[in-house]
Amino acid sequence: TMPPKKFVDHSPVSGWHFFFGGILSLSAFAFIMLSHHDSTIVHRGSKGFNLASESHAHHRSSPSLHAVLGQSILMHNALKNDLGRMIVLAEKGIPSDWRMDHWKDIWLRQGRFQDEIIIPSLITRMKKTLPDEEVPSAIRAGYANQGFDKIITKIESWQVMDDRNYAMKELFRAMNNYFEERERYILPRLLDNFSERELWALDSIAYRREMDYFPPGVVDDLHTWWLRNLGLDEWVELFWYFFRGWRQPPMSEGEWKAFAKEFLSV
């Protein structure tokens, strides 16, 4: 009998089967991983500043909208989701000290930026545009005077996991209520009382090296932390926040000096 001929596949597309098969497999894996990530995200959007409500219809189409989302709603939701995950870990008896240290660093930087830049700027502008409106005391007092530091100290000092978990839940409730109040009051007033360019200028201060809020190095870590703690729908908002901020034309020297004189006491 004749020995069988060696099989040779002369099909020009055979190699592409493996290539596209690999692409499909990687895509399926990525889809599964992203879907799993998205399923773990609990906090999205904003109750205090609900863009679906009729009262905020004019804000939905505001060209300034993304200038206020990054350091408000997206930051708030990421902080809530990260702390919520630590609470889940604590309920399973799993410590997360390193994660709390990282969370606290972002929290303190965000709080300083809001207390030192955003709130004073809003109060300064409202003296001109809304002179008869009294800013609520909780908003005026800022992050530093809400008692959060005392709760965080308890979390850091208590060694028993159940006690720490109780304190983290206490912090979450207080933080969630405060964020909702800030979003309800501050965001519409920022959009109504500042130009788009002014809002992007205020936002950019958070990333200026000399201000030490989120300087280069820290901001790179912030980007990955945001992605870990936001849902896929808010990844889209985060992209537009980065893209539109990057595309902003620079202020002229005269515009910046006038802006700094009014809001930064320079």
Side-chain angles (χ1 to χ4, degrees), residues 41-53 55-56 58-60 62 64-84 103-127 129-130 133-152 168-194 196 198-207 211 213-214 222 225-226 229-231 234 237-238 241 245 263:
I41 299 299
V42 177
H43 304 284
R44 307 165 188 260
S46 170
K47 292 181 180 179
F49 185 64
N50 184 1
L51 287 169
S53 69
S55 60
H56 293 305
H58 63 295
H59 292 135
R60 285 198 294 269
S62 171
S64 305
L65 181 60
H66 284 91
V68 302
L69 288 184
Q71 286 292 333
S72 58
I73 294 174
L74 298 183
M75 178 66 77
H76 295 170
N77 286 343
L79 285 165
K80 289 189 288 186
N81 284 314
D82 201 13
L83 183 59
W103 184 94
K104 179 183 175 183
D105 180 63
I106 294 175
W107 165 268
L108 291 175
R109 291 176 183 276
Q110 161 72 0
R112 285 196 303 111
F113 172 65
Q114 293 289 328
D115 288 356
E116 296 171 8
I117 301 298
I118 299 300
I119 297 303
S121 298
L122 179 60
I123 292 173
T124 297
R125 178 54 59 86
M126 285 176 60
K127 287 178 180 179
T129 58
L130 298 169
E133 182 170 327
E134 183 66 28
V135 179
S137 57
I139 300 297
R140 186 181 290 271
Y143 280 64
N145 297 290
Q146 303 300 321
F148 296 126
D149 55 336
K150 295 179 181 178
I151 306 176
I152 292 173
M168 282 194 287
K169 290 179 179 179
E170 181 185 1
L171 174 61
F172 185 92
R173 287 191 295 270
M175 178 182 68
N176 191 41
N177 292 335
Y178 184 58
F179 283 168
E180 187 173 331
E181 182 177 6
R182 288 180 64 91
E183 291 166 10
R184 180 183 298 111
Y185 185 84
I186 293 174
L187 295 188
R189 284 163 180 79
L190 285 174
L191 290 170
D192 292 341
N193 292 282
F194 289 82
E196 180 184 8
E198 286 175 330
L199 288 173
W200 281 115
L202 284 174
D203 180 80
S204 71
I205 294 170
Y207 309 108
M211 302 303 289
Y213 297 122
F214 297 99
L222 176 67
W225 176 82
W226 253 328
N229 293 292
L230 291 174
E234 292 191 325
E237 301 299 339
L238 190 64
Y241 167 66
F263 300 115

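By convention here, the first residue in the shown sequence is residue 1.
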> Should Met211 and Ile117 count as side-chain neighbours, where that means a heavy-atom distance under 4.5 Å?
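Side chain of Met211 against side chain of Ile117, heavy atoms only: contact under 4.5 Å found.
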> Kindly determine whether Ile152 and Trp107 satisfy side-chain contact (heavy atoms from CB on, under 4.5 Å), including the steps that lead there.
CA-CA 11 Å; Ile152 292 173; Trp107 165 268; 3.8 Å; yes
> Among Arg140, Lys127, Arg189, whose side-chain contact (heavy atoms from CB on, under 4.5 Å) with Val135 holds?
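With Val135 as partner, Arg140, Lys127, Arg189 yield a single side-chain contact (heavy atoms from CB on, under 4.5 Å), made by Arg140.
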> Before giving the answer on side-chain contact (heavy atoms from CB on, under 4.5 Å), spell out for Leu108 and Lys104 the whole-Å C-alpha distance, their side-chain angles and the decisive distance to 0.1 Å.
CA-CA 6 Å; Leu108 291 175; Lys104 179 183 175 183; 3.9 Å; yes
> Do the side chains of Leu69 and Glu234 get nearer than 4.5 Å, heavy atoms only?
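Counting from C-beta outward, Glu234 and Leu69 never come under 4.5 Å.
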> So, for Leu199 and Ser64, which heavy atoms are closest and what is the spacing to 0.1 Å?
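In terms of heavy atoms, the two residues are closest at CD1-CB, 3.6 Å.
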> Please find out if less than 6.0 Å separates the ring center of Tyr178 from that of Tyr143.
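Yes: the rings meet the under 6.0 Å criterion.
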> For Phe113 and Tyr213, take the angle between the two ring planes, folded into 0 to 90°, and tell me which bin it lands in: parallel under 30, tilted 30 to 60, perpendicular over 60.
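Plane angle over 60°, so perpendicular.
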> Using 0.5 Å steps for rounding, measure from the NE2 atom of His76 to the CZ atom of Phe49.
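Atom-to-atom, His76:NE2 and Phe49:CZ are 12.5 Å apart.
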> On the 0 to 90° scale, with breaks at 30° and 60°, tag the Tyr241-Trp226 ring pair as parallel, tilted or perpendicular.
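Tyr241 vs Trp226 ring planes: perpendicular.
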> State which residues pass side chain to side chain donor-acceptor pair (under 3.5 Å) with Arg112; sequence neighbours excluded, sorted by chain then number.
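Partners of Arg112 by the side chain to side chain donor-acceptor pair (under 3.5 Å) criterion come out as none, since no residue qualifies.
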> In Å and rounded to the nearest 0.5 Å, what is the CZ to CD1 distance from Phe179 to Ile186?
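Interatomic distance, Phe179 CZ to Ile186 CD1, rounded to 0.5 Å: 11.0 Å.
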> Give the minimum heavy-atom separation between Tyr185 and Met126, together with the two atoms involved.
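Answer, listing the atom of Tyr185 first, then Met126: OH-CE, 3.2 Å.
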> Quick check: closest heavy atoms across Leu83 and Met168, and the distance to 0.1 Å?
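Residues Leu83 and Met168, closest heavy atoms: CD2-O, 4.0 Å.
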> Quick one: OG on Ser62 to CG on Leu191, what's the gap to the nearest 0.5 Å?
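Output value for this atom pair is 5.0 Å.
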> When you compare the side chain of Arg182 with that of Ile119, does any pair of heavy atoms fall below 4.5 Å?
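A side-chain contact under 4.5 Å exists here.
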> Could you walk me through whether Gln71 and Leu202 pass the side-chain contact (heavy atoms from CB on, under 4.5 Å) check?
CA-CA 10 Å; Gln71 286 292 333; Leu202 284 174; over 6 Å; no
> Is the shortest heavy-atom distance from the side chain of Tyr207 to the side chain of Leu222 under 4.5 Å?
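Yes; the side chains approach each other to less than 4.5 Å.
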> What are the two closest heavy atoms between Ile151 and Ala174, and how far apart are they?
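For Ile151 versus Ala174, the nearest heavy atoms are CD1-CB, 4.4 Å.
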> Enter the distance from Leu190:CG to Arg125:CZ here, rounded to the nearest 0.5 Å.
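Interatomic distance, Leu190 CG to Arg125 CZ, rounded to 0.5 Å: 10.5 Å.
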> Tell me, do Arg60 and Leu65 make a side-chain contact under 4.5 Å, heavy atoms counted?
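Not touching, per the 4.5 Å side-chain cut-off.
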> If you round to the nearest 0.5 Å, how far is CG of Leu74 from CG of Leu238?
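Result: 6.0 Å between the selected atoms.
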> Quick check for you: to the nearest 0.5 Å, what is the distance between Glu180 atom CD and Asn50 atom CG?
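With rounding to 0.5 Å, CD (Glu180) is 10.5 Å from CG (Asn50).
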> Could you tell me whether the side chain of Asn176 reaches within less than 4.5 Å of the side chain of Lys47, counting heavy atoms only?
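The answer is no; the side chains never approach within 4.5 Å.
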> Distance-only, no hydrogens or angles: does the Asn177 side chain make a donor-acceptor pair with backbone N or O of Arg173 under 3.5 Å?
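Present.
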> Using modelled atom types only, decide if a donor and an acceptor are shared between the side chain of Gln114 and the backbone of Gly142 within a distance under 3.5 Å.
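Side chain of Gln114 to backbone of Gly142, a donor-acceptor pair under 3.5 Å: no, none is there.
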